[in-house]
Each structure stands twice: as C-alpha cells, then as structure tokens.
Protein chains: 2
Amino acid sequence: MGMAVTATRSGPRDPGGCASMERLRTIVRGDIDETICRGEEQADHWFRVVTGAARRCSLNAYGRRQIVDFLLPGDAFGFDAPALHECSAEVVCAGTTMARYPRRGLEDLAESDLQVSRCLCDMALDSIARLQTRTLILGHGSALARVSAFLLDWADRCDPGRDSAISLPMSRYDIADYLGIAVETVSRTLTVLRTRHVIALRATRCFTICDREALELATEGGDESSLAN
Amino acid sequence: MGMAVTATRSGPRDPGGCASMERLRTIVRGDIDETICRGEEQADHWFRVVTGAARRCSLNAYGRRQIVDFLLPGDAFGFDAPALHECSAEVVCAGTTMARYPRRGLEDLAESDLQVSRCLCDMALDSIARLQTRTLILGHGSALARVSAFLLDWADRCDPGRDSAISLPMSRYDIADYLGIAVETVSRTLTVLRTRHVIALRATRCFTICDREALELATEGGDESSLAN
DNA sequence: CGTGGCATTGATGTAATTCAAAAGACGTGG
DNA sequence: CCACGTCTTTTGAATTACATCAATGCCACG
C-alpha cells in the first residue's frame with residue numbers, strides 16, 4: 001500500500017501519531033478560553049489535539065474575531081505559514097490537552113522515517129478535508145443553510161453514523177464567528193430548527209438530530225417552505 | 001534540509017513537478033468553460049495546472065454553483081476525498097492546459113522516491129495555504145471586505161510584490177460564486193472601489209491597485225467612512 | 001448588422017445585523 | 001440553600017445591506 005494521496009473524511013482517528021514521533025512530543029494543557037499557542041509559537045511547532053476541543057482564531061485590525069477551525073482529538077494544525085495569517089489556538093472545553101512537536105525535529109525525522117512522513121502527510125490531508133468542508137459551509141448563502149451544514153458536519157465528526165446526543169462544547173459566539181454571522185442569528189436559527197422539530201436541544205450545548213433529511217435539505221438553501229410550519 | 005512542514009505563500013512556482021513524476025504525466029487541454037475533470041475522474045487522478053487558469057466548482061441539489069478554488073499554473077488538486085464533495089474542474093481562460101497523473105502510480109512512486117514524496121507534500125501544503133486564505137476571505141462580513149480581500153489575494157498570486165496591471169480572467173459570475181455573493185453586488189462593489197480610486201479597471205477583466213492601503217483597510221471591514229467620498 | 005452573453009445600473013423586497021432588554025445558566029459567598 | 005452578580009442565550013424592534021427583479025449598455029462574434 002502506497003502513501004495516501006487522498007484525504008479521507010475525518011472520522012474518529014487515533015489520537016496518537018506514529019510511535020517514533022511521540023518521543024518528540026510535549027503535552028500542553030489549559031483552562032477554558034486559555035490560549036495554547038500564539039502565532040509566533042506556531043512557526044516552530046506543530047500541534048495536535050489529544051483530548052477535549054480547541055478553536056483556531058484570527059483577529060483582524062478592528063478586533064473582529066474569526067474562527068478558522070474547530071479541532072477535535074486527532075486533529076492537527078501548524079501546516080500553514082504563520083506569517084500569512086496570524087492565528088492562535090484556544091481551549092474550548094475543560095480537560096483539553098494537546099501534543100506539541102518541534103517542527104525542526106519532525107522534519108528531520110520525516111526525512112529518514114517513511115512512516116512519520118506518511119503520518120504527517122495523512123494529517124495534512126485531513127486538514128485539507130476539514131478546510132474544504134468548511135469552505136463549502138461558508139459558501140452557503142442563508143444563515144439557515146450555514147447553521148444546518150455546521151450541525152451536520154459537527155455531528156459527523158463527533159459521532160459518525162449515529163444520530164445520538166451530540167455535545168456542542170463551544171459557545172454561540174464561537175459558532176457565530178465560525179459561520180460569519182451574528183450570535184443572535186445563530187440563536188434564532190437554532191430555535192427555528194427546534195420548533196420545526198428538525199433538531200432537539202437536550203441542553204443549550206447539546207443537541208440531537210431528529211430529522212436528518214430536513215436538515216440536509218436546509219443545507220442546500222433551496223426552498224425553505226419545506227420547513228414552513 | 002528536511003521536508004517542508006509549512007506551506008509557504010503560493011507565489012509563482014515552477015509549473016513542472018519533479019522530474020521522475022513527469023513520466024507519469026498526461027497533458028489535458030480544453031476550451032473556455034469546458035470541464036476538464038469530473039468528480040469520478042478525480043478519484044483516480046491527480047491534477048496540476050500548467051498554463052492558463054481553472055476553477056473548481058461544486059453544484060448543490062438546487063443548481064446553486066459554488067466555486068471552491070481558482071487555480072493558476074503550479075496549483076494542484078485531487079487531494080480531497082471525491083466522495084465527500086463532488087467537485088469538477090473547468091477551464092477559465094483560453095490556452096489552459098493541465099497535467100494529469102494516475103493516483104496509484106504516484107503513490108507507488110512516492111513510496112520509493114523521497115523527492116516525489118516531498119514534492120507531493122509541498123503541493124498539498126500549498127493547497128492548504130490557498131484554502132486557508134479563502135476561508136479568511138469568505139469569513140469577512142461585508143461584500144466590500146470580501147471583494148477587496150479577493151482582489152488583494154489574486155494580485156499577490158498573479159504578481160507578488162508589484163502593483164501592475166492584473167488580469168482577472170474569470171467572469172463576474174465566477175467571482176460572485178467564489179465569494180458567495182450576487183453578481184450585481186460584485187459589480188457594484190467594483191464600481192465603488194473604482195470611483196473612490198482604490199482600484200482602476202483598465203478593461204472589464206483587468207485591474208490595477210491604485211491605493212493598496214485603502215484596499216487592505218476595506219478588507220478588515222471596519223470603518224467604511226475611510227472610503228466615503 | 002444583428003444576436004447573445006456579460007456587465008453595469010436602478011428600484012424594490014427581504015433577510016440579517018444591530019441595538020436593546022429580558023430570561024436563563026452558573027458560580028461565589030453569605 | 002438562597003441571594004447575588006456575571007456571563008450566555010434568547011427574544012423583540014428598528015435599521016441596513018444584500019438579493020432579487022428588471023432594464024439598459026457593452027462588446028465580441030457570427
């Protein structure tokens with residue numbers, strides 16, 4: 001079997017890398033909303049979420065925050081040029097830990113160890129898949145379509161296949177900044193989906209998909225009358 | 001020097017891959033708007049633009065088109081799982097040619113040839129940089145911010161550094177579908193930027209940046225009064 | 001010289017933002 | 001355990017920006 005040149009959907013992956021990589025690893029942990037890594041640090045390191053959840057944020061000159069990516073165990077980052085988009089990583093929920101690897105050491109290791117090289121490549125491809133999915137979510141026009149697409153994607157990442165109770169560890173603000181819409185709009189859209197029985201909110205940060213078909217339909221942003229009443 | 005684990009900004013790159021890869025290559029060419037590759041084909045192949053420009057499109061169930069990426073010479077695609085997001089590649093301007101490589105052969109080659117493996121990885125990382133940039137562009141709230149960010153990014157990709165005349169080979173529809181806004185809005189925004197002397201339109205599909213600072217400011221979407229009159 | 005696709009501009013409706021406030025969660029300390 | 005303050009979420013009303021509909025202008029091409 002050759003090196004994978006196609007990103008597969010990010011299902012629940014092995015949160016540890018390959019063995020020889022792990023000797024370079026440092027474990028980092030932080031409280032909720034704490035910054036794990038700033039832009040500069042990302043220049044020399046390479047990160048991977050082990051437990052919990054994290055977000056990658058970018059702030060523009062006027063303080064407007066943008067969330068570039070949500071990270072679950074197994075998700076890695078540090079591939080993108082830090083000079084380009086100053087981007088920090090922050091803890092989303094309690095008990096979040098991340099593995100940190102020195103970039104130099106990793107590069108050297110990849111040079112000699114094919115398994116490491118393959119492992120890195122796989123994670124880069126995973127990252128591509130996540131970004132691509134995100135691009136498509138953001139591309140959807142209406143707020144309803146974006147929120148629906150986000151919920152579907154998140155559910156698949158957390159618990160592929162099953163439609164059980166899904167934890168939504170991030171705040172509505174986080175979701176809003178991820179989708180590029182206002183918090184109030186996120187909230188309103190969720191209540192619409194809830195009152196139409198497309199989803200159920202077990203708690204404010206925990207939901208279930210009741211009608212997956214309707215949710216997928218809403219994603220397409222076509223005719224909303226299907227949701228009407 | 002080890003394998004690069006950071007994507008650098010996509011400047012003008014060598015449009016040919018490394019030598020041993022090129023033996024697997026087939027050259028494909030097409031007229032304007034022709035489809036070079038459909039979703040299925042992307043499962044078994046891996047592509048790279050040699051000359052001209054291309055776009056990667058995704059159509060949803062209701063016929064709404066979304067442009068996922070614009071490709072210039074040196075830009076590659078075929079990393080993402082085709083099952084996930086059915087995505088086709090189409091020719092944007094006359095004289096566009098693309099190199100096509102069989103995925104299997106490439107994987108096998110990468111297994112034995114470190115240079116090939118490195119080359120593939122670099123292009124994957126380039127792809128990440130493009131997607132990341134795009135994500136940030138789409139995240140910008142206002143139409144003005146999106147169009148401005150798009151113009152800046154495109155200018156940097158075409159001609160890094162200099163602010164000379166930039167060719168904009170794609171139609172306004174393409175730009176609209178790339179930015180997730182209406183064609184009319186793209187057109188209106190461009191005329192605003194033109195009348196404020198932020199950019200100049202040498203022709204409908206050719207522009208110059210007159211005031212880069214103002215364009216960067218518009219990108220942030222902060223205070224638009226700076227552009228007022 | 002006409003035809004058709006692309007681009008621009010105008011008028012109107014609508015969905016999302018913004019401003020404002022209330023209601024609900026959550027922790028702290030009395 | 002309850003009272004209190006703070007932060008998050010939800011809901012409401014007003015405004016704004018974008019989409020949509022419609023028409024005209026503009027080239028390129030046959």
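Proteins come first, then strands; the chains are lettered A, B, ... in the order of their sequence lines, and each starts at number 1.
The separation between A:Leu168 atom CG and D:dT8 atom P is 15 Å, rounded to whole Å. Rounded to a whole Å, the CZ atom of B:Phe207 is 13 Å from the P atom of C:dT8. A straight line from NE2 of A:His140 to P of C:dA16 spans 14 Å, rounded to a whole angstrom. Here the P atom of nucleotide D:dA19 and the CG atom of B:Leu144 are 13 Å apart, to the nearest Å. Rounded to an integer number of Å, the gap from A:Ile175 CD1 to C:dA16 C1' is 17 Å. Protein atom CG of A:Leu190 is 17 Å distant from nucleotide atom P of D:dT8, rounded to whole Å. If you measure from atom CG of B:Asp177 to atom C1' of D:dA19, you get 14 Å, rounded to the nearest angstrom. If you measure from atom CG of B:Asp33 to atom P of C:dG4, you get 18 Å, rounded to the nearest angstrom.
For B:Arg134, there are no salt bridge (charged side-chain N to carboxylate O under 4.0 Å, His left out) partners at least two apart in sequence or on another chain. Under the rule for a salt bridge (charged side-chain N to carboxylate O under 4.0 Å, His left out), the partners of B:Arg212 that lie at least two apart in sequence or sit in another chain are B:Asp156, B:Asp163, B:Glu216. Shown here are the side-chain contact (heavy atoms from CB on, under 4.5 Å) partners of B:Ser171, two or more places apart in sequence or in another chain: B:Tyr173, B:Asp174, B:Arg205. Checked against side chain to side chain donor-acceptor pair (under 3.5 Å), A:Glu90 has the following partners two or more places apart in sequence or in another chain: A:Arg55.
Between the two ends of the helix from C:dC1-D:dG30 to C:dG30-D:dC1, each summarised by a five-pair axis, the helix axis turns through 30° (rounded to 10 degrees).
Between D:dT11 and A:Thr191, a contact under 4.0 Å exists linking OP1 or OP2 to a side-chain N or O. Phosphate contact (OP1/OP2 of C:dA7, side-chain N/O of B:Arg205, threshold under 4.0 Å): present.
No contact: B:Arg146 has no heavy atom under 4.0 Å from any strand. Residue contacts for B:Ser171: at a heavy-atom cut-off of 4.0 Å it reaches the sugar-phosphate backbone alone, with no base atom in range. Here A:Ile181 lies in heavy-atom contact (under 4.0 Å) with sugar-phosphate atoms only.
Smallest separation of non-hydrogen atoms from B:Thr96 and B:Gly52: OG1-CA, 3.5 Å. The shortest heavy-atom contact between B:Leu72 and B:Ala53 is CD2-CB, 4.2 Å. Between B:Ser167 and B:Trp154, the shortest heavy-atom distance links the atoms O-NE1, 2.9 Å.
Position along DNA chain D of the nearest nucleotide to A:Ser187 versus B:Val183 favours A:Ser187 as the more 5'-ward residue. When each of B:Arg194 and A:Ala143 is assigned the nucleotide of DNA chain C bearing its nearest heavy atom, the one mapping closer to the 5' terminus is B:Arg194.
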Write out a two-atom table: protein N or O, nucleotide N or O from nucleotides 19-23 of chain C, distance below 3.5 Å.
| residue | atom | partner | partner atom | Å |
| --- | --- | --- | --- | --- |
| C:dC19 | N4 | A:Glu184 | OE2 | 3.1 |

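Within a 6.0 Å radius of CZ in B:Arg64, other residues, nucleotides and ligands contribute 12 heavy atoms or fewer.
Aromatic ring orientation, A:Trp46 versus A:Phe79: perpendicular (interplanar angle above 60°, classes split at 30° and 60°).
Between D:dT9, C:dA16, C:dT9, one nucleotide has an atom nearer to the side chain of A:Tyr173 than all others, and that is D:dT9. When each of D:dT10, D:dC18, D:dT8 is scored by its nearest atom to the side-chain atoms of A:Leu201, the top-ranked nucleotide is D:dT10. Distances from the side chain of B:Thr185 to the nucleotides C:dT9, D:dA19, D:dT11 place D:dA19 closest.
Using a 3.5 Å distance cut-off with no hydrogens or angles, the side chains of B:Thr219 and B:Ser148 do not pair a donor with an acceptor.
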